[in-house]
There are 2 protein chains.
Amino acid sequence: MLMPRTILLKLAPTQTEACRGCGVRDAALFGALSERGLERLHEAGDGMGGAGGISSVHLPADRRLYALGAQGAAVFTVREGLVRLERVSAAGRRCIVRLAGPGDLLGAEALLGERYTDDAVACTDLALCRIPVPVLELLRKDEPALQLALMRRWQQALDAALTWRIDLQAGPASQRVLRLFAQLSRQAAPGEPIWLPRREELADLLDMAMETASRAVSALRRDGVIELMPGGRRARLDAGALARALAKSNGTPNH
Amino acid sequence: MLMPRTILLKLAPTQTEACRGCGVRDAALFGALSERGLERLHEAGDGMGGAGGISSVHLPADRRLYALGAQGAAVFTVREGLVRLERVSAAGRRCIVRLAGPGDLLGAEALLGERYTDDAVACTDLALCRIPVPVLELLRKDEPALQLALMRRWQQALDAALTWRIDLQAGPASQRVLRLFAQLSRQAAPGEPIWLPRREELADLLDMAMETASRAVSALRRDGVIELMPGGRRARLDAGALARALAKSNGTPNH
DNA sequence: CGAGCCGTTGAGGGGATTCAAGCTCAGTGG
DNA sequence: CCACTGAGCTTGAATCCCCTCAACGGCTCG
């Protein structure tokens, strides 16, 4: 039970500037805020005695951002990297219930005063914004746009969770792996190598045995769909071959 | 593609009374409303030219409440009965992604101006409240409690979806059936018979073949866990035997 | 009564899990 | 420098669960 050694950077008054120029701002929660709201956001943080400001968090891969059951004091926006949310099933199996990438919001349940409902673990090195609940709470009341953005995010998360379940938990193992890679490549820069999960992680993501995941990846490698890169954590996809493989496996409506 | 022949009952000015005395009000969305808010709720409906009031909807089993992709004009609160939300997976398989019972909110995505993300179909005869989006929208702005209740409901739906996925989609078929029944009995009146899904529905709920569902039910019947009641849609559970069966299947951490 | 729907049960085959054994590779220390 | 080690990955073989195809029984309804 290591405490994650998070690195907190409190960014001075110029945080407003940082936010304004943030690469993911349009995609992220505060994209909804007016200029005035953005300023108030940081005033609010300053006005709370310095304890409550927005801060930048960096976290190395495989470290935990927060733990299931912990009383949440903040929500997070992902700026860079990939986070996995995991829980343990009634049968004692670990399951990854969601992947969050740049622009996504984590730990929204903290806004309701609830405990975190999952473990949040870094898949890759992370850059996040940490937003204390009171700060967001303060603004929520009189920034209707933020209110709407919050609801929209919740709905997105719900929809993503359902789609995930439908597409990545059903069908033969090879197909599930294929679809996961397709999704990973979609949210990565085109042409760039994708994050290749460790086999154990693949198993937890797709609800299969580790060996099955390994076999599936090996098969895709043999078929030229994927090319492993040194280090074992990244891979290059052949978009054409992937599309072909997906079409073929969809042809057999299997399962 | 039948249009659901819904039965709309516009309840006169006394709707305020009806709401105040509603059996599920505490559990439902408007449990958060103040007395004053409750009154405004119905004034709002009246003030919109009669087209926009809250109404009571009754729907027989197997009828569709709304369709995936339809532009939603209302959200619904379940008063009595069970609703299933279903979609079709990329592989063309129908999946039930959620069950909603008394007190639950349906079609919240309509509040964001989005189309419904699933088909909503009655599992049993239903009694619902239909709440037009503009009515709710009007109140949302200056009833902070309602705002909060909405967010809480979204979070609940998200959590339920994830728990569902974890507990009801993983593990051996017999265990999944067992867990579903346990959950159904939990949200039914104790001692009362539970709703027994048709085998096809069980299959869609638990992501298995219809025959597998049938075999699992038969096995449970042989073991005395469940007793089918005439009509085929209801069954009585032996809580003790169920708990024992669950414990036993959990003993083998299988899968 | 035959048609049709729903549920049950059997037989066969395939895909996934499980158990188990190597394999690669980085880090470590002799 | 190189065996040693351990973690992660791969692969094989046996088994089992579940899907598929198929036949049959009960029930309702035209």
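Protein chains get the first letters and strands the later ones, always in sequence-line order, with residue 1 at the start of each. The model shown is predicted, which means the values in this text are computed figures rather than measured ones.
Between A:Leu228 atom CG and D:dT10 atom C1' the separation is 12 Å, expressed in whole Å. Between B:Asp204 atom CG and C:dC6 atom P there is a gap of 12 Å when expressed in whole angstrom units. Rounded to whole Å, atom P of C:dG15 lies 12 Å from atom CD of A:Gln175. One atom, CE of B:Met210, and another, C1' of C:dC6, lie 7 Å apart when rounded to the nearest Å. Between A:Leu206 atom CG and C:dT17 atom C1' there is a gap of 16 Å when expressed in whole angstrom units. Between B:Arg93 atom CZ and D:dC19 atom C1' there is a gap of 10 Å when expressed in whole angstrom units. When rounded to the nearest whole Å, the span between CD of A:Gln169 and P of D:dC18 equals 16 Å.
By the side-chain hydrogen bond (donor to acceptor under 3.5 Å, both in side chains) test, B:Arg94 pairs with B:Asp204, sequence neighbours left out. For A:Ala90, the side chain to side chain contact (heavy atoms under 4.5 Å, CB included) partners at least two apart in sequence or on another chain are B:Asp167, B:Arg179. Applying the side chain to side chain contact (heavy atoms under 4.5 Å, CB included) test to A:Ala243 and every residue at least two apart in sequence or in another chain returns nothing. Taking the side chain to side chain contact (heavy atoms under 4.5 Å, CB included) definition, one finds that B:Glu227 meets it with B:Arg236, sequence neighbours left out. Considering only residues two or more places apart in sequence or on other chains, A:Arg198 meets the salt bridge (Lys or Arg N to Asp or Glu O under 4.0 Å) condition with A:Asp62. Checked against side chain to side chain contact (heavy atoms under 4.5 Å, CB included), A:Thr117 has the following partners two or more places apart in sequence or in another chain: A:Arg87, A:Glu109, B:Gln155, B:Asp159. Evaluation of the side-chain hydrogen bond (donor to acceptor under 3.5 Å, both in side chains) rule for B:Arg153 yields no partner, not counting sequence neighbours.
A:Pro197 places none of its side-chain heavy atoms less than 4.5 Å from the side chain of A:Arg84. Two residues are said to be in side-chain contact when any heavy atoms from C-beta on lie closer than 4.5 Å; A:Arg64 and A:Val121 meet this criterion.
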Every protein N/O lying under 3.5 Å from an N/O of nucleotides 28-30 of chain D:
none

Below 3.5 Å is the cut-off: list the nitrogen or oxygen pairs between protein and nucleotides 9-11 of chain C, distance only.
residue : atom : partner  : partner atom : Å
C:dT9   : OP2  : B:Ser218 : OG           : 3.0
C:dG10  : N7   : B:Arg215 : NH1          : 3.0
C:dG10  : O6   : B:Arg215 : NH2          : 3.2

Listed pairs, N/O of protein and of nucleotides 22-27 of chain C, under 3.5 Å:
none

### Task
Apply side-chain contact (heavy atoms from CB on, under 4.5 Å) to the pair B:Val78 and B:Leu106, showing each step before the final yes or no.
CA-CA 8 Å; B:Val78 181; B:Leu106 296 177; 3.9 Å; yes
### Task
Start with the C-alpha gap between A:Thr124 and A:Arg233, add the side-chain angles, then the distance that decides, and say whether side-chain contact (heavy atoms from CB on, under 4.5 Å) holds.
CA-CA 9 Å; A:Thr124 66; A:Arg233 297 293 179 82; over 6 Å; no
### Query
How far apart are the C-alpha atoms of B:Phe181 and B:Leu196, what are their side-chain angles, what is the distance that settles it, and do they pass the side-chain contact (heavy atoms from CB on, under 4.5 Å) test?
CA-CA 8 Å; B:Phe181 287 164; B:Leu196 181 66; 3.6 Å; yes
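Of the residues in residues 194-202 of chain B, B:Arg198, B:Arg199 come within less than 4.0 Å of DNA chain C through at least one heavy atom, sorted by number.
Summary of the strand contacts: B:Gly232 and A:Ser174 both lie near DNA chain C, and taking for each the nucleotide with the nearest heavy atom, the more 5' one is attributed to B:Gly232.
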Validation: residues 212-225 of chain A side-chain donor-acceptor distances under 3.5 Å, sequence neighbours left out:
residue  : atom : partner  : partner atom : Å
A:Ser218 : OG   : A:Ser214 : O            : 3.0

